[in-house]
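As structure tokens, the structure follows; a few thoughts come after it.
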Amino acid sequence: MLKTLLKPFARVFEFQAKTHYKMERHSMALTAGIILAAGVGGFVEIAPLFTIDDTVEDVADMRVYTPLEQAGRDIYIREGCYACHSQMIRTLRDEVERYGPYSLAVESKYDHPMLWGSKRTGPDLARVGDKYSDDWQVRHLINPRDLVPQSVMPQYAFLLEAPLRTDDLPGRLDALRMVGVPYTDDMIANAANDALGQAQPDGDRASGVLDRYGEATAVRVFDGQSGRLTEMDALVAYLQILGNLTDVAQNTQPMAEE
Amino acid sequence: MTILAFLIPITLGMGAVGLCVFFWSLRSNQYDDLSGDAERILFDEDRPLPAASARLSNTTKETAP
Amino acid sequence: MMSNLTSPERARAMLITGAGVLIGLTMAVLGRNDPMGAHGWIVLLFCGVLFFIVADKLYDAEPVEDRSISYYDDPTKVGILLALFWAVVAMGMGVWVASQLAWPDLRFDAAWSSFGRIRPVHTSGVIFGFGGNALIATSYHIMQRTSRARMPDQVSPWFVLLGFNLFCVVAASGYLIGITQSKEYAEPEWYADLWLVIVWVVYFVLYIRTLARRNEPHIYVANWYYLSFILVVAILHIVNNLAVPASFTGAKSYSAFAGVQDAMVQWWYGHNAVAFFLTTGFLGMLYYFLPKRAGRPIYSYRLSILSFWGIVFFYIWVGSHHLHYTALPQWVQTLGVTFSVMLLVPSWASAGNALMTLNGAWHKVRDDATLRFMMVAAVFYGLSTFEGSFMAIRPVNALSHYTDWTVGHVHSGAMGWVAMITFGSIYALTPVLWRREAMYSWKAVEWHFWLALSGTVIYVFAMWNSGITQGLMWRTYTESGTLRFSFVDTLIAMHPYYIARAFGGLLFFAGACICFWNVVMTIRRVPHHASAIDYPTTSEAMEPAVPAAE
Amino acid sequence: MTGCQVSENIQKTSSDEDYQSSSTAWRKAEARSTVRILSDGRGQCVLSVPDLRCGGCVATIERTLSTRTDVVSARVNLTLKQVVVTFVNADADPTSVISALGLLGYPATSADQDQSHENDTDNVGRGLLRAIAVAGFGAMNIMILSVAVWSGAAGETRDTFHLISALIAIPVVAYAGQPFFQSAFQALRVRRLNMDVPIAVAVVLALALSLAETMRGGEQAFFDAAVTLLFFLLSGRYLDHLMRERARSAVSGLARLSPRGAMLRQPDGVLTYVPLSAIAPGAIIAIGPDERVPVDVSVISGSTDLDRSLVTGEAIPVPAGFGDTLEAGTLNLTGAVEAEVLRSADESFLAQMMRMQSEAETGRGTYVRIADRAARLYAPVVHLLALATFVGWVLATGDWHTSAFVAISVLIITCPCALGLAVPVAHVVASGRLMRMGILMKDGSALERLAEIDRVVFDKTGTLTMGTAAVGLGPNDPALRAAAKALALKSFHPAARAIAISIAELPCQLDDATEVPGFGVAGCVGGRAVRLGRADWVADISMQAKDRASPVFAFADGPAMAFDLLETLRPGAFDAVKSFAAAGIPVAMLSGDIEARANRIANQLDIADVRSGETPADKIAALNALRDDGYRALMVGDGLNDAAALAAAHVSMAPSSASDAGRTAADFIFLRDGLEAVPAAWRMARATARIVRQNFGLAIAYNCIAIPLAMAGLVTPLIAALAMSASSILVIGNALRLNPPEKPRETQALRHKRSEVLA
């Protein structure tokens, strides 16, 4: 009776017996099986532990890049500035004295990708924001050797002529949201307007920028030519925000090593 | 370091693949004659092997007429 | 070349290139408002040219060659030439970027010609264009010879080689247009990365299929090195390039990782790329061409296998030594140092093994510039791995990081090790591949050797000086405890070294040009070797590769 | 009737074409029996080619063999110096391949591959290698995580890393620890302690403790220690195995002498080859020249000379004819005979010797290797210390958890990592050096035993003397000498060869030369009959018939002149004996030979203690007596008659020219002719023993530092890992001192020169 009942499963048993026998015979396969089983089980256990992140400090005043700053960052990326400028002040005394408080992990937590760099042909830029005036930055970008005769930096005069594309900004912000930057629907929908508004302090779009990104956001004509939104506007806006997304580093005044 | 949740399994996986490959190589007698295997690549392949040349002469014979 | 393809193979090639044309067209149309459109036209052009080459010969006579008794060397030949073409282009670019640092006005004010845009053309061109093509070409040669088997088909080797070059072209042109992720050594954007994954999978499958057909039971150790190069680079590439495109009709994408996490992944990738692209692949080359050229077996074959596993295991976690004193948790940095230092053991085992192989053949090294290239490569490999471990130590790194010392270290590896072993291998391979008596001009090889060596030495010494000077100047204090030098002061101090560096690079570049010329002249002028073919299919032992099932 | 006619008559009676063909057929069949049938119906045989040196040889051999039509494939194994030949048919004939190799300049013999045995030992090695790979994989990955923890990863990250480590360590220990667990379990079952018991206990406890710590989120976990320990110990074990394997394959690479079958005369008169097991008493078998006698037989027709050195150890040939009994294993030199089988193969003289030998070996079975002797002491001490620590901590603090932690860390840190490596590494290095000196070694225990000897016993023939004879005196007249040489050249009898070599003159013209097996060579010189051979046989034609043991030469009706056969001393014999005497170790000689010859050699070598006319049983008795008196004797011998004595001795050595049985029984085999290998091996053994003692000293010193730290509860996983690695590396480094940097340039140059010569 039982036999007939189990008959349909005979094949399953047979298969089980066969594979089990084989597994036992090749004890390596057995070990691999153990590793696999343990690995899957273990990983389910491990994964939640990682959600408690002990690396990146939690800071309340850390804000995201505005669309204009993000556009400037994209230009910084496009021009390969990271090849000569780092954005990571190390915990060494001379660096802290030269560039400012050393960089904290939180400060680059919205940087996709990070631009820490690996070579300083030019100085570190992690805290270059507000160190120089907009005018200095623009003139320096047009021809670095006008301001620093010994500089070997290339000229970026063409940025002043290139109008900034704003139509793709919502898409970019949306993509950034997908990888974890907390842009709101509102920010994404108004991305193009906000980019224009941040460089036009007298325009009606400016207030939106302050609403969405905070009162401290710099709203001004970055490139010195009002009425036109250029790539120079974006890049300078980005340079001026470097190190200014949060005050945590300045406030805590971390002590340097050595 | 959330990122280690990716990197460690990936590394372990690569290590495990390496281990499996090592076992395979052990089973397929890859380490039986290391001194001979080191020498074998030096055989000058420009000189046709007898068997190959026999086959070659056959084919030329076949194609010639 | 085409005449060796059968008509079904030609049809398949046409299908693939035709698909490439369509993809290019789609990219051009959809991305017309974006830099991606330009890439569409480049893909279209690249595939279109290939399409017409194939179409032109579609109805030519069928090949008469007996595939069972020959190796398939056409892609290897093209690969060698492409590698040399990229060497000239990329090293030329290198000389130019180096000169821009000494004389910044050499950029001529164009948007595409700034240092930031052409530097990746130089780095990617050398690493992927020159190194990658050389690796693919030599791997085709080595896997067939050591397996004593022909590659399984004739379309996929072309697909891998030309597909990889399409990737290189898209990458290099993209930097000039302004398409980049700004991730070091992983600059190409998402669609190029996806394409490379496809090419790489085909490459891996091709390699495995060739090994599966082998007539020689033993898999020579060089194949292990090459396989690890293919497999691990694929994984690194995929993980580091995980990104979300801003739009599928635009080039821009954002990395899946941010900040410190991204830094960790980037250097996990970056240093493993050094390990598995610039080390294991070229060690595979060394382990084949060095004994071959010296006519002596590897000093200790067992050691070569052991150091393979050592390198594979130790390299994985050393990347974090690029991030000393940064926001990366300190224990991760310490981890990187520990394994960087331990890595010295297998690295020196390999270098020592190579040099000991030459022990007893020093007279050959003296007389044969080709062998000397390989010997110098092994020496530089040992030196730069030592330097690398040294620079991974935290206090040293505090001085060396961000300075030209790192640049010098990279170039002692890239010029002294990677390029030297590649040139040596090309000189060893070219006469064999094209069935020539010897290279067209042995004097030119000598010239190349001395140019390359002096160029490397000048370059590396200039960068050592420059880097250490700059590192020390940055941390010099006045008696009152303030920083002594402004950043610009250090820049002025660099100037003579930058000139010396450009000069060293120029010498090296000149050598590469001579090599290209010499290879081309060898192909065109040197008479054919008496024996016309080398024969693969039977191993000496004529034993079935796969042992009978247990 | 002239001498010539006589010899013709003899030739007619003794020579039989049947035998001639049977001889080659036998040899073919013998070789054929080594061909294994593959699953696809092809045949495969393994040939041993000792002269293989470089890739050139490999290419030459493979190229040449693969052109043959009967060969599917030929693959050379340069490491083992073998060629694996696959034939088209299973009944292929390897002899033609062997002769083809001979023509290429590579003498080859078919290696008797006892396939089942081969695979067994191979599997042990592979199993160990697999375990090493698994342990290495685990150790590497856990080490990465541990380094991270030591570097300061704290909190959740540390717990996570511990958890991952646990997930790796459990399967790794379960798999890679098996050799130790099994061995420990077996030892415990017979209520004994070996080194594996503390190892197994420590590994399991380390794992358990770490798991418990991981579960409660503790700071310390010893996963890395447990797995690294396994890795180190497995490496030691694998090295030990590798050494034995290397010696074994080298020994089996030499040709095996005992035949596996015979040509049986069927009732219908046809000769067929049958395996040894199918030969029953009463059967008639044919034995051709140059063949070994497969079973004990009695000659029924034909006459011949026998090399009975396998049986007696004495090289001088003995004639045999109708009615003589031939023992299995003796070598038929000159004539073909037919003989009746007396006993079946497993009761033959050969088999009896083998049995005697294995019985003698059991006497040695009680020897306990030094590591295990140390373990008997070490394990209880360590376990008691751990217990004491536990009790002490409980009493002092009352904290069960901490006490257990500290006690287990005592066990972990005292785990005999260095001890496990101390012996094998020293032995491997020593065996490598011995190998370069041309001495093969069976296993590590042999080296330990050799270091302890206080008596040396030499066999005479084949050991102190070379197995072949040399000629003392002969006729002085050049004409006579030329004629004698001409005759001697016609025979392959060892005495004839020795005579031919000893005569400088050119041989004269010789007609009608005939070899009469068992008697000598006859012929005509200038019309006069002439003979060289047994004295009584030569006396048939000569004037003065003398009853002499030595071969005699004479012209018909001329005076008979004798060639005195002498034994030559093996090179280095004098120095070898002297160096033992100088070290205060008495040397004795046991010989099966007659007293006069034995004494002569003994006098030459200053050996006072001589016993002659010893049978194998006597020799065993002598060695057993030595042992009963508390002496540890080194026996050096070669013949089958010595095999049992070799096994009975505390430790034994044999030259590579020794009989198969002798080689199997001996602990050491020296490949070169010189006897200086014996004191050299002894010195090496002493040096190794010294290093082993030092290593034990280092291990003890390590424990003296580590145990108090551990008992004080100061041992963290980092300290444990560092201490264990450091002590292991120290021990390995010390062992490497056995291998003083030889002049590598010289060997390189030598190698170079050799390859040039070959080219």
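Below, chain A is the first sequence line, B the second, and so on; all start at residue 1. Just so it is clear, the model here is predicted, and its values are computed rather than measured.
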Worksheet, complete the sentence: Whatever's closer than 4.5 Å to a heavy atom in chain B on C:I305 counts as side chain
Practice prompt. Taking the side chain as every heavy atom from C-beta outward, state whether C:V221 and C:Y288 have any pair of such atoms under 4.5 Å apart.
Written response: no
Worksheet item: For B:I10, is it the side chain, the backbone, both, or neither that has a heavy atom closer than 4.5 Å to a heavy atom of chain C?
Response: side chain
Worksheet item: Under a 4.5 Å heavy-atom cut-off, does chain B meet the side chain of C:L231, its backbone, both or neither?
Response: side chain
Worksheet item: Just by distance, with hydrogens left out, do C:Y220 and C:S147 show a side-chain donor and acceptor under 3.5 Å apart?
Response: no
Worksheet item: Of the backbone (N, CA, C, O) and the side chain (C-beta and beyond), which part of B:V17 lies under 4.5 Å from a heavy atom of chain C, both, or neither?
Response: side chain
Item to complete: Counting only heavy atoms closer than 4.5 Å, note whether C:I219 contacts chain B via side chain, backbone, both or neither.
Response: both
Worksheet item: Got a salt bridge between C:D73 and C:R145, using NZ or NE/NH1/NH2 to carboxylate O under 4.0 Å?
Response: yes
Worksheet, complete the sentence: Honestly, the part of C:V239 sitting under 4.5 Å from a heavy atom of chain B is side chain
Worksheet item: Given C:H528, which of C:R435, C:E437, C:R436 fulfils the side-chain hydrogen bond (donor to acceptor under 3.5 Å, both in side chains) condition?
Response: C:R436
Practice prompt. Quick one: closest heavy-atom pair of C:Y225 and C:S304, and the distance?
Written response: OH-O, 2.9 Å
